[in-house]
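Only one structure is covered here, and it is reproduced in the block below.
First the proteins, then the strands, lettered A, B, ... as listed; each starts at 1.
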There are 2 protein chains.
Amino acid sequence: MYSTTEENYLKTIYKLQAQLGTFINTNAIADGVNTKAASVTDMVKKLSEKKLLSYEKYKGVQLTEKGKKVAVETLRKHRLWETFLHNQLGFTWDAVHDIAEQLEHIQSNELVEKLDAFLGFPSHDPHGDPIPGRNGVIKESNFILLSVLKKGEKGIISGVVNHSSLFLQHLEKNKLTLGKTITITEVSSFDLSMAALLEGKEKIQLSNEVVKNILIKKLA
Amino acid sequence: MYSTTEENYLKTIYKLQAQLGTFINTNAIADGVNTKAASVTDMVKKLSEKKLLSYEKYKGVQLTEKGKKVAVETLRKHRLWETFLHNQLGFTWDAVHDIAEQLEHIQSNELVEKLDAFLGFPSHDPHGDPIPGRNGVIKESNFILLSVLKKGEKGIISGVVNHSSLFLQHLEKNKLTLGKTITITEVSSFDLSMAALLEGKEKIQLSNEVVKNILIKKLA
DNA sequence: CTAATTTTTTAGACTAGCCTAAAAATATTT
DNA sequence: AAATATTTTTAGGCTAGTCTAAAAAATTAG
Ligand SMILES: [Mn+2]
Ligand SMILES: [Mn+2]
Ligand SMILES: [Mn+2]
Ligand SMILES: [Mn+2]
């Protein structure tokens with residue numbers, strides 16, 4: 001139905017819209033899809049022709065409902081494939097993204113639904129991001145930043161803010177993976193770094209840069 | 001490394017070469033990749049530039065070792081994905097091909113190897129076709145046509161000659177699926193149709209058109 | 001409020017793949 | 001061996017997506 005390129009544009013605009021507000025400018029899109037602004041202007045005109053977004057010269061771009069639907073479906077596929085790669089094939093969570101970038105463009109509704117069922121209808125991908133349902137609904141999770149925890153409080157690692165390979169590999173190396181319990185034992189008022197217990201036993205030290213990029217589900 | 005289109009050309013030429021001999025002509029390729037002869041001439045020149053095949057005007061085309069390698073890798077991916085779709089996701093054997101046509105072009109060696117392991121290093125795909133190994137070696141299976149069996153002989157359904165959806169759906173409907181045992185009880189000398197027992201119990205009648213498109217492993 | 005800077009759009013050109021129609025080569029009949 | 005039919009190649013052109021350089025609009029600074 002839609003080309004790989006079109007889906008990538010829509011997904012990128014969708015994400016930008018979620019984080020920056022309504023009108024998305026050319027440069028931001030160019031950055032997201034890894035092209036030049038001139039190419040974006042071209043493509044945006046075509047997507048506008050197809051009623052996937054509304055475009056006003058020099059003003060920016062906004063997805064239509066139709067465009068949003070395609071974007072969310074692509075996001076759903078991306079996150080389901082990431083889950084497959086991690087949970088079934090054993091890829092580490094920093095390795096799944098690039099392959100899912102390709103897999104998300106495979107066209108077959110039946111495949112998506114069968115994959116979803118096969119995975120047990122997962123609610124979140126390996127980075128803790130919510131997986132949109134078949135209906136397109138995204139259940140926003142109420143995860144909070146690890147950095148807001150106070151001494152004595154604890155939570156379960158449930159996601160990341162920073163998705164870079166570098167960060168994910170750092171977490172992997174330090175066994176800070178999804179599902180692990182962290183208990184804060186000390187917060188430095190100097191550099192905001194935290195001392196904590198991993199799974200209630202192992203003592204670890206976490207920089208502020210790290211803790212403000214980890215999402216947790218707080219435990220009572 | 002190579003585009004979807006290039007991989008499709010190479011795979012098609014490889015198959016034609018296996019079944020028709022060495023030099024493959026333009027029209028056969030055009031047919032296989034679903035384009036026009038003029039387009040094939042164009043593409044074949046490019047593939048020749050890249051040393052994936054040798055091409056002589058008006059004479060035809062022949063894969064180089066390099067080209068064969070790419071073709072076999074693509075075939076390997078195709079058949080592994082078909083196996084995944086059938087064995088893990090529960091697709092019927094007539095539905096897997098079209099989706100595998102897309103999946104075979106996903107680029108990631110690690111993915112192929114992990115998928116292979118996940119599937120338990122299968123030797124054959126859901127149509128009974130051998131899956132090339134990581135090394136590129138294809139173990140030819142010694143299956144024979146069901147049509148050569150004589151009264152009283154039996155075998156296990158192990159593959160198909162005709163891969164069309166129509167035929168596969170016909171088999172599916174009649175429960176003639178991979179792994180089932182067939183015992184010949186009668187061969188009509190009039191139309192060569194066969195009477196047989198499925199799994200030693202159910203009586204079935206099979207036209208010659210059907211039995212000459214089923215591959216079996218003969219049982220002692 | 002004008003001038004300088006930044007952002008966006010236009011213009012023109014490129015590549016991968018594809019197509020049709022015509023020309024050239026090869027194969028088949030007579 | 002010539003005539004006819006078939007196959008293959010060339011020529012020219014199209015679309016999707018990309019790029020660079022220049023022009024135009026919008027924003028920011030003085
Ligand atoms: Mn991702
Ligand atoms: Mn993710
Ligand atoms: Mn197939
Ligand atoms: Mn197959």
Charged N to carboxylate O under 4.0 angstrom, [X] versus [Y]?
{"X": "Lys114(A)", "Y": "Glu110(A)", "value": "yes"}
{"X": "Glu65(A)", "Y": "Lys68(A)", "value": "yes"}
{"X": "Glu101(A)", "Y": "Lys11(A)", "value": "yes"}

Starting the side chain at C-beta, find the nucleotide from [options] nearest to [X].
{"X": "Ser39(A)", "options": "dA25(D), dT18(D), dT9(D)", "value": "dT18(D)"}
{"X": "Thr5(B)", "options": "dT8(C), dT26(C), dG17(C)", "value": "dG17(C)"}
{"X": "Thr35(A)", "options": "dG17(C), dT9(D), dC19(D)", "value": "dC19(D)"}
{"X": "Met43(B)", "options": "dT10(C), dG17(C), dG17(D)", "value": "dG17(C)"}
{"X": "Asp42(B)", "options": "dC19(C), dC19(D), dT8(C)", "value": "dC19(C)"}

Under 4.0 Å between a side-chain N/O of [X] and OP1 or OP2 of [N], yes or no?
{"X": "Thr41(A)", "N": "dT10(C)", "answer": "no"}
{"X": "Lys45(A)", "N": "dT10(C)", "answer": "yes"}
{"X": "Lys57(B)", "N": "dT26(C)", "answer": "no"}
{"X": "Tyr9(A)", "N": "dT18(D)", "answer": "yes"}
{"X": "Lys36(A)", "N": "dT20(D)", "answer": "yes"}
{"X": "Asn27(B)", "N": "dT8(D)", "answer": "yes"}
{"X": "Asn25(A)", "N": "dT8(C)", "answer": "yes"}

Check: Leu63(A) and Tyr14(A) side chains under 4.5 Å, non-hydrogen atoms:
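Answer yes - side chains close enough.
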Over how many whole Å does the gap from [X] atom [atom1] to [N] atom [atom2] extend?
{"X": "Asn34(B)", "N": "dC19(C)", "atom1": "CG", "atom2": "P", "value": "9 Å"}
{"X": "Phe23(A)", "N": "dA26(D)", "atom1": "CZ", "atom2": "C1'", "value": "16 Å"}
{"X": "Lys46(A)", "N": "dT9(C)", "atom1": "NZ", "atom2": "C1'", "value": "15 Å"}
{"X": "Tyr55(A)", "N": "dT7(C)", "atom1": "OH", "atom2": "P", "value": "16 Å"}
{"X": "Asp31(B)", "N": "dT8(D)", "atom1": "CG", "atom2": "C1'", "value": "15 Å"}

Fit a plane to each ring of Phe84(A) and Phe118(B), take the angle between them on a 0 to 90° scale, and name the class: parallel (under 30°), tilted (30 to 60°) or perpendicular (over 60°).
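Ring orientation of Phe84(A) relative to Phe118(B): perpendicular.
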